[in-house]
Protein chains: 2
Amino acid sequence: MESHAVIRALGALAQEHRLAVFRLLVQAGPDGLPAGALSEAVGLPASSMSFHLAQLSHAGLVGQRRQGRSIIYSADFAAMNALMAYMTENCCGGAPCVTATACC
Amino acid sequence: MESHAVIRALGALAQEHRLAVFRLLVQAGPDGLPAGALSEAVGLPASSMSFHLAQLSHAGLVGQRRQGRSIIYSADFAAMNALMAYMTENCCGGAPCVTATACC
DNA sequence: CCAATAATTCGATAAATATCGAAATATAGA
DNA sequence: TCTATATTTCGATATTTATCGAATTATTGG
């Protein structure tokens with residue numbers, strides 16, 4: 001993962017509503033959630049949510065697919081994995097920041 | 001780690017120059033580096049670097065100590081650890097995003 | 001085909017961020 | 001004590017980000 005992509009991903013998560021959305025999508029798993037459900041859950045108007053979803057999407061952290069009238073968003077676990085790997089490698093002094101007990 | 005602190009930490013790292021600075025500090029280890037050295041390494045005027053260091057400091061990701069005329073900054077590995085733990089717990093679906101091979 | 005639903009795009013605006021030079025603060029050494 | 005060095009704070013400005021309602025696009029069901 002390039003540092004430019006890392007910065008974009010970190011920036012995407014560094015916002016109250018977007019972090020909340022991403023956590024919801026992680027909980028929801030591969031099935032994901034429609035934009036409207038996220039909008040309602042977070043308590044933002046649809047247009048604002050659309051803005052945030054675009055940021056997450058542009059950062060590669062979420063995928064989207066259409067299902068009827070709805071657009072379903074889901075967390076991209078591979079992208080999150082890559083981000084965590086970069087952070088572990090470059091920001092934790094080589095040794096993993098997350099201790100073995102938490103990890104294994 | 002609270003989500004507010006997480007957002008602040010992510011935001012602190014989500015910037016080209018600050019990510020570069022933090023990586024340098026991680027490399028430097030506990031000894032850290034003086035503000036001037038960071039300023040020169042990254043290629044920013046001292047006042048700009050001071051702004052970025054304040055952000056990292058406010059986010060709790062770096063510590064600082066005075067040594068003579070210089071102020072030495074160093075990465076706060078415990079804070080980074082806490083950030084990684086939060087991400088692993090809340091953004092990776094419980095299972096660690098960093099694979100066992102990379103971690104153990 | 002038309003009305004209703006789900007989302008996005010568009011404008012406009014407010015707020016936060018990044019940048020830099022100049023001025024101020026603190027420390028060390030002659 | 002004065003001067004030089006290291007850094008921060010201040011003030012000004014440009015850019016980016018977040019917000020919302022209104023208008024637009026896409027899809028479904030009658």
Side-chain angles (χ1 to χ4, degrees), chain A residues 3-25 28 31-76, chain B residues 3-25 28 31-76:
Chain A
S3 84
H4 187 253
V6 169
I7 287 164
R8 197 170 278 287
L10 291 172
L13 294 174
Q15 208 275 343
E16 182 188 350
H17 301 313
R18 288 196 297 265
L19 184 59
V21 163
F22 191 74
R23 289 182 60 183
L24 285 169
L25 291 179
D31 288 351
L33 290 169
L38 293 169
S39 189
E40 190 175 358
V42 175
L44 279 182
S47 61
S48 299
M49 181 52 64
S50 194
F51 167 80
H52 290 303
L53 288 171
Q55 304 268 314
L56 286 167
S57 183
H58 192 203
L61 289 171
V62 304
Q64 70 203 87
R65 64 181 196 277
R66 179 176 278 280
Q67 189 177 86
R69 278 176 274 219
S70 299
I71 293 182
I72 313 276
Y73 286 87
S74 53
D76 186 323
Chain B
S3 84
H4 188 252
V6 168
I7 287 164
R8 196 169 279 285
L10 291 172
L13 294 175
Q15 207 276 341
E16 182 189 351
H17 302 312
R18 287 197 295 265
L19 184 60
V21 163
F22 191 74
R23 289 183 59 183
L24 285 171
L25 291 179
D31 289 350
L33 289 170
L38 293 168
S39 188
E40 190 175 357
V42 173
L44 279 182
S47 62
S48 300
M49 180 52 64
S50 193
F51 168 79
H52 290 304
L53 288 171
Q55 304 269 314
L56 286 167
S57 182
H58 193 202
L61 289 171
V62 304
Q64 70 203 89
R65 65 181 195 277
R66 179 175 278 280
Q67 189 176 85
R69 277 176 274 217
S70 298
I71 294 183
I72 313 277
Y73 285 86
S74 54
D76 187 324

Exercise. Can you sort out the partners of A/S57 under side-chain hydrogen bond (donor to acceptor under 3.5 Å, both in side chains), two or more places apart, ordered by chain and number?
Key: A/Q64
Practice problem: Identify, with sequence neighbours excluded, every residue that meets side-chain hydrogen bond (donor to acceptor under 3.5 Å, both in side chains) alongside B/R23. | Solution: A/Y86, A/N90
Quiz item: Restricting to pairs with a member in residues 7-19 of chain B, which pass side-chain hydrogen bond (donor to acceptor under 3.5 Å, both in side chains), not counting sequence neighbours?
Solution: B/R8-B/H58, B/R18-B/H52
Quiz prompt | Positional range of nucleotides in DNA chain D within the contact set of chain B, heavy-atom, under 4.0 Å | solution = D/dA4 to D/dT9
Self-check item: Atom-to-atom span, CG of B/L44 to P of C/dT19 - whole angstrom
Solution: 6 Å
Quiz item: Shortest non-hydrogen contact from B/A12 to B/A59?
Solution: CB-CB, 3.7 Å
Exercise. Examine C/dT8: is either OP1 or OP2 under 4.0 Å from a nitrogen or oxygen in the side chain of A/Y73? Give yes or no.
Key: yes
Quiz item: Closest approach of A/L13 and A/L19, non-hydrogen atoms and distance?
Solution: O-CB, 3.5 Å
Quiz item: Of all heavy-atom pairs between B/G11 and A/A14, which one has the smallest distance, and what is that distance?
Solution: N-CB, 3.3 Å
Quiz item: If you look at every strand shown and take non-hydrogen atoms under 4.0 Å, does B/A35 touch a base, only sugar-phosphate, or nothing?
Solution: sugar-phosphate
Exercise. In whole angstrom, give the distance that lies between atom NE2 of B/H17 and atom P of C/dT17.
Key: 16 Å
Practice problem: Give the minimum heavy-atom separation between A/Y73 and A/L25, together with the two atoms involved. | Solution: O-CD2, 3.3 Å
Quiz item: How long is the line joining CD1 of A/I71 and C1' of C/dA6, in whole Å?
Solution: 8 Å
Exercise. Not counting sequence neighbours, which residues clear side chain to side chain contact (heavy atoms under 4.5 Å, CB included) with B/S50? List them please.
Key: none
Practice problem: Report the residue (A/R18 or A/R69) whose heavy-atom-nearest nucleotide on DNA chain D is the more 5′ of the two. | Solution: A/R18
Quiz item: Separation of B/R8 atom CZ from C/dA16 atom P, in whole Å?
Solution: 11 Å
Quiz item: So which of residues 47-68 of chain A are in contact with DNA chain C, with a heavy-atom cut-off of under 4.0 Å?
Solution: A/S47, A/S50
